[in-house]
Amino acid sequence: GLDAAAARRVPAVELRAPLAGAPSAQTLAGAVTAWRRAGGRHLSVHLPPIGWDPAAGAVTGREAFQDGVELAGDLAATAVTVHMPRVTCQALEGGGSARACLEAAYAELLAPAVSGGMAIGVENMHLASGEPDDRRRHYGYTPGECLQWVEMLRGRLPGGRVGLHLDIGH
């Protein structure tokens with residue numbers, strides 16, 4: 001895809017992390033360099049989701065998320081896109097530790113991206129087929145919930161450029 005973007009002088013691209021079936025790190029870096037030489041200016045890495053396992057009382061997806069942030073740094077990305085946490089509204093708003101643990105995980109794992117000067121786009125999510133339309137649904141579907149998460153990250157990542165990445169396809 002990067003070769004095609006370079007040939008067509010596409011100025012902005014987003015790569016998903018992890019890159020299933022991806023070429024070697026050296027090949028990928030070479031493709032990014034060629035794309036930049038052809039006018040590429042904005043490279044975003046779409047990070048895998050972080051979630052909450054209520055049975056274990058623990059954050060899930062940390063390692064893959066961290067690997068994605070490292071990939072973004074290695075490629076000198078200008079931005080990363082993060083999903084809202086995979087957690088129900090009930091778990092996040094309840095009196096348990098889900099909110100505190102997820103907020104801390106996002107802040108810790110995104111700190112290197114902020115240090116590297118990357119913008120952070122928090123992407124909204126959508127109601128899945130068969131999912132209840134009440135507080136048992138996952139968090140991050142409404143503009144208010146997304147903006148709440150953006151504001152939390154701004155508070156925890158001073159100097160970071162954190163904003164909403166509104167996916168209207170959702």
Side-chain angles (χ1 to χ4, degrees), residues 1-51 60-87 102 105-131 137-154 156-170:
L2 284 169
D3 292 341
R8 291 170 180 80
R9 300 191 179 280
V10 174
V13 297
E14 181 169 75
L15 302 176
R16 282 197 172 272
L19 300 170
S24 71
Q26 183 177 5
T27 301
L28 181 59
V32 168
T33 297
W35 166 75
R36 285 190 172 118
R37 285 187 186 136
R41 294 187 309 270
H42 179 73
L43 174 64
S44 179
V45 174
H46 196 294
L47 301 177
I50 291 179
T60 61
R62 291 177 65 94
E63 187 175 326
F65 193 94
Q66 183 174 9
D67 289 348
V69 171
E70 288 174 7
L71 174 66
D74 291 346
L75 297 175
T78 52
V80 292
T81 299
V82 298
H83 281 156
M84 298 293 292
R86 291 294 294 168
V87 61
L102 285 163
Y106 271 78
E108 172 194 338
L109 295 168
L110 287 171
V114 171
S115 296
M118 293 176 225
I120 298 168
V122 178
E123 184 178 10
N124 59 302
M125 297 305 294
H126 59 88
L127 195 65
S129 178
E131 188 174 8
R137 69 167 169 79
H138 283 97
Y139 178 75
Y141 299 169
T142 68
E145 290 167 352
C146 295
L147 292 173
Q148 181 184 52
W149 203 252
V150 166
E151 288 304 316
M152 176 280 296
L153 285 174
R154 286 177 177 167
R156 286 182 167 258
L157 297 167
R161 295 178 298 136
V162 181
L164 180 61
H165 183 118
L166 182 62
D167 185 334
I168 61 171
H170 286 181

Distance (rounded to the nearest 0.5 Å) between [X] [atom1] and [Y] [atom2]:
X: L2; Y: W35; atom1: CG; atom2: CH2; value: 7.5 Å
X: T78; Y: R161; atom1: OG1; atom2: CZ; value: 8.0 Å
X: L166; Y: N124; atom1: CG; atom2: CG; value: 5.0 Å
X: L28; Y: L15; atom1: CG; atom2: CG; value: 6.5 Å
X: S44; Y: H165; atom1: OG; atom2: NE2; value: 7.0 Å
X: R36; Y: T33; atom1: CZ; atom2: OG1; value: 7.0 Å

Heavy-atom closest pair, residues [X] and [Y]:
X: A6; Y: A38; value: O-CB, 3.4 Å
X: V45; Y: G68; value: CG1-O, 4.0 Å
X: Q66; Y: L109; value: CB-CD2, 3.9 Å
X: V80; Y: L47; value: CB-CD1, 3.9 Å
X: A5; Y: V13; value: CB-CG1, 3.8 Å
X: H138; Y: E131; value: N-OE2, 2.7 Å

Inset, instruction - Over 60° means perpendicular and under 30° means parallel, so classify the ring planes of Y141 and H126, tilted if in between. - result: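 H126 and Y141: parallel rings.
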Inset, instruction - Assess the side chains of H42 and E14: does a donor N or O sit below 3.5 Å from an acceptor N or O? - result: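 Side-chain D/A pair, H42 to E14: absent.
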Inset, instruction - Please test R154 against W149 for side chain to side chain contact (heavy atoms under 4.5 Å, CB included), starting from the C-alpha separation and ending with a verdict. - result: CA-CA 9 Å; R154 286 177 177 167; W149 203 252; over 6 Å; no
Legend entry - Pairwise side-chain contact, R62 with I50, heavy-atom cut-off 4.5 Å (strictly under):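 They are not in contact (no side-chain heavy atoms under 4.5 Å apart), so the answer is no.
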Inset, instruction - Give the C-alpha distance, both sets of side-chain angles, the deciding distance and a yes or no for side chain to side chain contact (heavy atoms under 4.5 Å, CB included) between Y106 and I120. - result: CA-CA 11 Å; Y106 271 78; I120 298 168; over 6 Å; no
Inset, instruction - Only counting residues at least two apart or in another chain, list the ones meeting side-chain contact (heavy atoms from CB on, under 4.5 Å) with T142. - result: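 Result, side-chain contact (heavy atoms from CB on, under 4.5 Å) vs T142: R137, E145.
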